[in-house]
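Data block below; observations after.
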Amino acid sequence: MDLYSGKTALVTGATRGVGRIIAEHFLSEGASVIGFARGEPSLTAAAYHHVQVDLADPMAIQKAFLGLHKQITRLDIVVNNAAVLTSQYAMIMPPAAAQAMVNVNLLAPFIVSREAAKFMRKSKWGRIINIGSMAVSLEPIGDSVYAATKAGLSTLANVMAKEFGPMNVTCNTLGITAIESDMLSQLPRDKIDAIIAGLPVPRFATAADILNVVDFFAAEASSYVTAQTVFLGGVN
Ligand SMILES: NC(=O)c1ccc[n+]([C@@H]2O[C@H](COP(=O)([O-])OP(=O)(O)OC[C@H]3O[C@@H](n4cnc5c(N)ncnc54)[C@H](OP(=O)(O)O)[C@@H]3O)[C@@H](O)[C@H]2O)c1
């Protein structure tokens, strides 16, 4: 049997990069997948339902969930993956860019997780997985707000783990290292290469590295694994 037969998963930022990798994996393992992004869908599977929503707008997220309540009866797995990055010295970071990172990277996962938990409460089963970053540990110059939002994701998951634990809903965070994507291509390659060279396992992350931990957190057998952050590549 497929790993996710009968399960419904929501992946934010499912159109590109890591979110698309995760959404395709869930689909290939038998899940129904809902993808959130601002843009058009890039997946066309019958079991894929795309919702165009700007996660920077809390009201738009609430509206998207109102729509979902008319379309689905259960939501088992949520991956808070969508994020934006503006890497810039604090002294010249545009406030609007800082605000966008707070809204999309931290506030949206809070609202999405809370709304998802309303489904999960009914079925008394759920897995909430946040996609964090090595930036939390490495604290690179230029990433003050980005790293802070990613650190906040772990805190969010850890507190929600306590609140949702009695509903059999786990909340965990996966701190990934560099992987080719539109977001990564915004950064100077020499800066990324230097960071990667300093990791205990000095290479980029692969899709398999990420999916391995996503599957672990999402597994039936992981009901006793919650409020944890796992970093790839030996980052700690
Ligand atoms: N790539 C890396 O090296 C790396 C390293 C560490 C951590 N991460 C983390 O991994 C996750 C995925 O990153 P990625 O590299 O795959 O990013 P990406 O290629 O830039 O993709 C971002 C996804 O998020 C969606 N998104 C962005 N802003 C949105 C908004 N306001 N509303 C709705 N959707 C929005 C995008 O779709 P639309 O543009 O259509 O909205 C897209 O599907 C992020 O949490 C990132 O922080 C990535």
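Atoms within each ligand, like the ligands themselves, are counted from 1 in listed order. The figures that follow rest on heavy atoms only: side chains count, while hydrogens, waters and symmetry mates do not.
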**Study point:** Contacts of type side chain to side chain donor-acceptor pair (under 3.5 Å), residue Asp215, not counting sequence neighbours
**Key:** Tyr4, His25
Review point. Taking the side chain as C-beta and beyond, is there a heavy-atom pair between Val18 and Met183 under 4.5 Å?
Key: no
Practice item. Sort and list the pairs that fulfil salt bridge (Lys or Arg N to Asp or Glu O under 4.0 Å) and have at least one residue in residues 58-81, not counting sequence neighbours. Key: Arg74-Asp76
Point to revise | Phe26-Tyr48 aromatic ring centre distance below 6.0 Å | key: no
Review point. Hey, are Asn158 and Thr155 close enough side-chain-wise for a donor-acceptor pair under 3.5 Å?
Key: no
Exercise for review: Name all residues meeting the salt bridge (Lys or Arg N to Asp or Glu O under 4.0 Å) criterion together with Glu180; count only those two or more places apart in sequence or in a different chain, and write none if there are none.
Suggested key: Arg189
Revision key, fill the gap. Ordered by chain then number, the protein residues lying under 4.0 Å from ligand 1 by heavy atom are Gly13, Ala14, Thr15, Arg16, Gly17, Val18, Ala37, Arg38, Gly39, Val53, Asp54, Leu55, Ala56, Asn81, Ala82, Ala83, Val84, Val104, Ile131, Gly132, Ser133, Tyr146, Lys150, Ile176, Thr177, Ala178, Ile179, Ser181, Asp182, Met183, Leu184
